[in-house]
Asks: 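Would you mind keeping the following structure in view while I ask a few things?
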There are 2 protein chains.
Amino acid sequence: MPVVTFLPSYRKIEVTAGTTVLDAARRAGLQMNVVCGGIGKCGKCIVYVKSGRVEFDRQKYGRFFTPGELGRGACLACVTGVVSDIDVTVPEGSLIQEQKILIEGLDITTAFRPSVLKYHVTLSPPTLEDPSPDLNRLLDAIHRAQGPPPEKIFAPLGVLRRIPEILRSAEWDVTATVGLQPPGKYWLLNVEAGDTSGRLFGASIDLGTTTVVAYVWDLISGKVAGIASNYNRQISCGEDILSRVNFGRRSGLTKLQALAAESINTAITNAANHARIDRDDIYEVMVAGNTVMTHMLLGIDPAYIISEPYVPVVRRSINTAASNLDLSVAPTAGVFAFPAVSDFIGGDIVADVLACGMGASDEVSLMIDIGTNFEVVLGNNEWMFSCAGAAGPALEGGEVLFGMRANPGAIEQVTVDPVTLRPGWRTINGIKPKGICGSGLIDLLAELLTSCVIDRTGMIDTTIDHPRIRQGDHAAEYVVAFANEAGIEKDLVVTENDVKSLIMSKASVLAACQVLMNVAGITHSEIGTVFFSGGFGNYINKQNAITIGLIPEVPLDRIKNIGNGAINGANIALINRDERRTLDVIADNIAYVELNAEPSFMEEYTSASFLPHTDLGRFPGVSAMLSQCRIRAHANGIRKTEA
Amino acid sequence: MPVVTFLPSYRKIEVTAGTTVLDAARRAGLQMNVVCGGIGKCGKCIVYVKSGRVEFDRQKYGRFFTPGELGRGACLACVTGVVSDIDVTVPEGSLIQEQKILIEGLDITTAFRPSVLKYHVTLSPPTLEDPSPDLNRLLDAIHRAQGPPPEKIFAPLGVLRRIPEILRSAEWDVTATVGLQPPGKYWLLNVEAGDTSGRLFGASIDLGTTTVVAYVWDLISGKVAGIASNYNRQISCGEDILSRVNFGRRSGLTKLQALAAESINTAITNAANHARIDRDDIYEVMVAGNTVMTHMLLGIDPAYIISEPYVPVVRRSINTAASNLDLSVAPTAGVFAFPAVSDFIGGDIVADVLACGMGASDEVSLMIDIGTNFEVVLGNNEWMFSCAGAAGPALEGGEVLFGMRANPGAIEQVTVDPVTLRPGWRTINGIKPKGICGSGLIDLLAELLTSCVIDRTGMIDTTIDHPRIRQGDHAAEYVVAFANEAGIEKDLVVTENDVKSLIMSKASVLAACQVLMNVAGITHSEIGTVFFSGGFGNYINKQNAITIGLIPEVPLDRIKNIGNGAINGANIALINRDERRTLDVIADNIAYVELNAEPSFMEEYTSASFLPHTDLGRFPGVSAMLSQCRIRAHANGIRKTEA
């Protein structure tokens with residue numbers, strides 16, 4: 001079977017001959033821009049075939065290209081068949097995604113019980129014998145079609161005003177859209193002429209500070225119709241939350257609200273276009289975002305969240321009409337914003353909790369969401385405690401000499417041979433290493449520890465005679481890749497200072513977990529499952545995370561990744577109205593522990609500033625392993641140098 | 001005591017010396033324009049003292065007048081004391097009322113349980129120890145102040161957005177307005193700085209085709225703060241309902257909706273100004289109107305109500321925000337429109353039913369609302385039947401040679417001496433008669449019948465030799481007032497044709513009552529109370545209404561006037577939320593009987609086209625009385641002529 005290699009990412013995929021380049025790209029995980037749905041009409045999915053043979057009708061689709069582009073191998077991916085092995089360059093503009101985001105396999109097992117339903121009904125026209133009002137006639141028919149009883153359906157004035165004309169122009173054959181929306185009962189969201197009962201969609205949104213992800217669901221089939229993501233447009237008002245809130249203080253909230261809405265609209269539009277659906281057929285939008293982002297989207301001032309005493313305006317879930325937020329979906333569509341727990345435990349974390357199911361389980365779970373900040377939730381269906389803190393940028397590759405984000409060229413996995421001390425690595429996209437991202441750094445720390453290159457305080461053992469262990473300009477260092485191995489023009493090293501930074505970061509997370517365990521009065525052995533949410537968890541080596549003491553020691557099979565918990569929680573709440581109903585209860589059940597106000601935190605932090613911890617009794621498995629490593633290292637005597 | 005005579009109405013009132021002219025006017029039933037509350041500040045209550053002595057400080061209040069006006073006796077009624085008998089001219093502009101409307105003594109005995117409440121609360125400012133969100137802080141305080149529990153209070157986005165700024169600028173001392181509004185639970189309608197808990201108002205509206213009446217209630221004290229009325233501004237689009245609906249068909253509903261809102265706004269503004277309150281402190285508006293008027297106010301097309309098969313769009317009660325209808329009250333104020341029963345039994349009739357209490361009583365009642373059209377409801381708390389029909393204009397003084405509306409100079413009461421056949425009358429405002437209004441015509445019919453001037457078919461007995469009984473140009477006639485007695489330059493007569501018109505009108509009403517009794521399977525003896533709603537009932541002689549067979553024969557003490565039932569029903573629903581909750585049930589319980597489709601109607605109509613009815617067995621009391629009258633008339637032989 002021909003192999004398609006996509007450039008510049010070098011993703012490879014094997015396909016049967018005749019497969020379109022578009023399908024190959026999809027299977028390789030590339031989200032291409034296909035406005036027309038892949039029928040050669042929109043001309044958006046431009047690719048350049050660099051080598052190999054394809055079938056492409058230049059006559060028919062030539063109009064999309066200049067002669068120069070055609071000369072460079074330009075094709076439309078959707079109408080280009082693979083014949084032999086090919087190399088294909090995908091320009092940035094042909095990709096939907098502006099950045100790498102986590103789009104997992106959606107292993108959601110929730111029941112499909114959407115809050116919005118459509119009813120195609122044919123009414124008997126009124127007569128002198130049966131002159132009942134238009135609304136009664138419609139609601140009775142909805143009820144006969146297994147809908148809610150008429151008295152439970154509220155008809156907002158805007159819809160009511162349109163009913164008489166639509167019923168008559170459609171000759172009494174209409175489709176009604178009915179949504180279950182707090183605080184009312186059922187709401188009549190629309191009445192359309194004819195049978196539109198096959199078209200009903202909902203959108204779930206992860207409204208992140210940096211990235212907005214939209215899933216558009218087909219609420220008839222229960223399937224995902226389209227996915228898209230883009231940067232949060234608010235970035236033009238400031239990179240981080242603090243600067244955006246300050247922008248709002250200076251210039252008012254209007255622009256921030258509009259940009260949040262625009263970010264969501266863009267993502268929804270792209271997802272909807274991709275799925276060839278009309279945004280006006282989207283009747284519900286679920287939004288999970290942190291507390292500040294949610295305030296901004298709703299147009300509620302977040303100024304008091306970011307300074308003492310850190311007070312949100314609202315914590316509970318909010319339900320409002322899409323038209324109130326200028327979201328480009330059906331104007332009567334309900335927008336549901338996830339409830340928050342506190343200033344730092346927002347709707348995104350409540351969505352994490354929903355996605356991992358810990359709030360519904362008897363078993364005690366620990367949920368960790370790590371980014372520049374981290375959030376931790378510990379508990380079960382009876383009690384939950386949460387806290388948040390700054391992990392520092394080290395775990396994301398910041399403040400580390402050769403640290404970098406998870407972009408192409410980043411080392412994402414590392415091993416260090418305990419005998420030769422020679423590193424092995426895997427980089428993102430398989431190119432030569434340019435730096436090390438978070439998951440690689442955790443690996444490196446663990447591998448250097450178990451190889452006895454560093455001790456439990458993070459000191460590099462410079463007594464080891466090895467070309468990769470040396471004194472650098474400022475501190476001792478370990479060479480991960482010499483310049484000739486690396487994609488940069490110097491040796492790629494990790495320094496003792498880097499190790500210290502990493503230990504400080506991991507100590508914050510572990511101390512936070514430990515404080516919650518102290519508050520709850522439980523030990524690590526009572527933790528059933530540890531859930532990682534967010535991109536971070538997807539890539540880290542679980543054993544290494546325990547080895548360095550990033551998280552409490554639990555059996556590896558009890559560590560699970562829930563992927564992008566915010567979007568998955570939003571997905572669950574969108575398609576399952578029973579789950580949605582539990583959200584405010586979940587949020588209310590989560591107690592917030594302010595780490596700065598918790599006297600034991602500093603103590604736990606200090607104790608956690610060792611690898612894995614001062615008290616090895618808390619890491620019995622790691623303790624045993626480290627003993628063996630020391631014995632082995634001792635047996636090896638002076639390490640062998642590399643060949 | 002001095003007598004004050006108001007011109008041009010010639011209303012007279014006796015007052016103690018020193019009484020202000022304003023108070024005298026009030027007691028004479030004149031609603032004067034007093035924006036300042038009667039303290040000599042606004043200069044609106046201008047009157048002209050034509051004769052007699054008053055105390056008025058020309059120096060102090062002279063600034064309101066030109067020297068010419070002062071020369072003609074101009075004073076401010078509120079600061080002018082009566083010294084001797086005086087004649088006072090009240091210019092049109094000094095009166096609030098544009099026309100005579102029924103403002104009864106408000107003998108409402110419903111419980112005072114308003115749907116909107118205010119809570120003045122002082123919150124503890126947030127601290128690091130207690131950083132709970134603004135909304136929680138506010139709702140918890142409301143709950144502590146005996147308000148609803150926080151989870152039952154819905155905070156609309158518009159209010160939520162203003163909370164953080166108000167709480168802080170008011171230094172956490174605020175007043176929250178909370179309303180109970182279907183389909184939600186409690187709604188947070190406003191948050192204001194400081195203590196405004198003394199200011200909370202509601203408005204009830206009788207939205208009539210011709211007249212709009214507004215009552216503004218103080219929802220703290222449970223008292224009426226102000227009353228005003230004005231013409232329905234839609235009159236510019238057509239005098240009657242039909243022509244307005246047709247206007248809407250041609251030009252769209254927008255103008256009709258705006259004019260309905262403007263009519264209500266004007267009435268509310270006048271009532272609010274009179275009471276010196278801010279319209280923005282009005283947080284609830286109850287509207288009772290007929291089905292077409294209600295549709296128009298809500299901006300819902302009434303076009304299908306007025307032609308076969310006569311279908312309203314909506315029958316149930318409607319609740320929406322004042323801002324949706326452009327009503328000039330608090331923008332979040334709830335507007336509640338009464339439910340209707342059918343095309344012709346609108347919210348005004350449901351309000352009648354609420355006002356008379358028949359829907360809550362075991363006893364069977366008959367409620368009659370008579371105008372150009374009439375509506376009848378028969379039933380009790382278990383069942384109710386209703387119907388509507390055209391009474392024709394005769395009962396309102398139309399289509400009768402000297403018929404007129406209830407304006408000054410109209411004969412509103414008449415007696416005919418059975419021996420001398422000489423009439424006695426009382427006119428509105430006591431001036432010389434210009435015509436006869438509805439109540440006078442009913443009297444006349446009854447008196448002529450019991451004097452044997454007319455027989456039970458309405459024929460005038462021209463064999464009687466009497467100067468007031470004569471053959472007129474077209475028919476036999478009875479002279480009510482000779483030209484020298486009348487305020488017009490000819491003899492004021494009632495003709496046999498007039499009598500026939502009146503009989504046709506009264507027969508429609510009686511037949512309608514009888515049809516409902518037939519449908520319900522009851523007789524007149526099972527009717528506990530007959531209620532009259534509307535101006536008509538207030539002025540008619542009850543015995544005479546029975547004597548002519550306008551209504552079924554019941555004991556006189558069981559006939560009651562509920563005044564303007566529409567406004568009184570709206571008042572009850574405004575101030576008693578429990579009563580309001582029953583309205584949709586009441587409306588649903590009222591079955592509508594279409595008279596045109598009811599086979600027995602024509603038969604009943606024919607039978608009712610006698611005085612009082614073909615079957616005297618249905619009017620045993622009248623039957624006995626008429627026998628005595630005949631005996632007496634026979635004994636008198638030829639009547640004596642007048643002196």
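Excluded from the calculations below are hydrogen atoms, water molecules and symmetry mates; all remaining heavy atoms, backbone and side chain alike, are included. In what follows, every chain begins at residue 1, and chains take the letters A, B, ... in the order their sequences are listed.
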Asks: Is it the side chain or the backbone of A/Arg162 that comes within 4.5 Å of chain B heavy atoms, both, or neither?
Replies: neither

Asks: Taking every heavy-atom pair that is under 4.5 Å apart, which of B/Asp301, B/Asn136, B/Ile163 has the most such pairs with chain A?
Replies: B/Asn136

Asks: Does B/Arg161 use its side chain to pair, donor to acceptor, with the backbone of A/Leu298 at less than 3.5 Å?
Replies: yes

Asks: With a 4.5 Å cut-off on heavy-atom pairs, point out which of B/Lys152, B/Glu308, B/His295, B/Arg168 contacts chain A the most.
Replies: B/Arg168

Asks: To check you understand the geometry: which heavy-atom pair defines the closest contact between B/Pro312 and A/Pro131, and what is its length?
Replies: CD-O, 4.0 Å

Asks: Most heavy-atom pairs under 4.5 angstrom with chain B, which of A/Ala303, A/Ala597, A/Gly299?
Replies: A/Gly299

Asks: Identify which part of B/Arg137 has an atom lying under 4.5 Å from any heavy atom of chain A, answering side chain, backbone, both or neither.
Replies: neither

Asks: Taking every non-hydrogen pair under 4.5 Å, which of B/Pro125, B/Pro126, B/Ser132 racks up the most with chain A?
Replies: B/Pro126

Asks: Answer with side chain, backbone, both or neither: which region of A/Leu139 has an atom nearer than 4.5 Å to a non-hydrogen atom of chain B?
Replies: side chain

Asks: Would you give the length of the straight line joining atom CG of B/Leu167 to atom OH of A/Tyr304, rounded to the nearest 0.5 angstrom?
Replies: 9.0 Å

Asks: Heavy-atom distances under 4.5 Å only: say whether A/Arg316 touches chain B with side chain, backbone, both or neither.
Replies: side chain

Asks: So, do B/Val313 and A/Pro133 sit near enough that their side-chain heavy atoms are less than 4.5 Å apart?
Replies: no

Asks: Given heavy-atom pairs under 4.5 angstrom as the criterion, report whether the side chain, backbone, both or neither of A/Leu128 touches chain B.
Replies: both

Asks: Got a sec, which residues hit salt bridge (Lys or Arg N to Asp or Glu O under 4.0 Å) with A/Asp140, two or more places apart in sequence or on another chain?
Replies: none

Asks: Can you tell if the side chain of B/Leu157 reaches within under 4.5 Å of the side chain of A/Leu325, non-hydrogen atoms only?
Replies: yes

Asks: Return the set of residues passing salt bridge (Lys or Arg N to Asp or Glu O under 4.0 Å) with A/Asp343 (not counting sequence neighbours), or none when no residue passes.
Replies: none

Asks: Answer whether the closest heavy-atom distance between the side chains of A/Leu135 and B/Arg315 falls below 4.5 Å.
Replies: no

Asks: Using non-hydrogen atoms and a 4.5 Å limit, figure out which bit of A/Glu151 sits close to chain B: side chain, backbone, both or neither.
Replies: backbone

Asks: Got A/Leu160 and B/Val314 here, is their nearest side-chain heavy-atom distance under 4.5 Å?
Replies: yes

Asks: Taking every non-hydrogen pair under 4.5 Å, which of B/Ile318, B/Ile300, B/Leu253, B/Asn596 racks up the most with chain A?
Replies: B/Ile300

Asks: Tell me, for A/Thr320 versus chain B, whether the close heavy atoms (under 4.5 Å) come from the side chain, the backbone, both or neither.
Replies: side chain

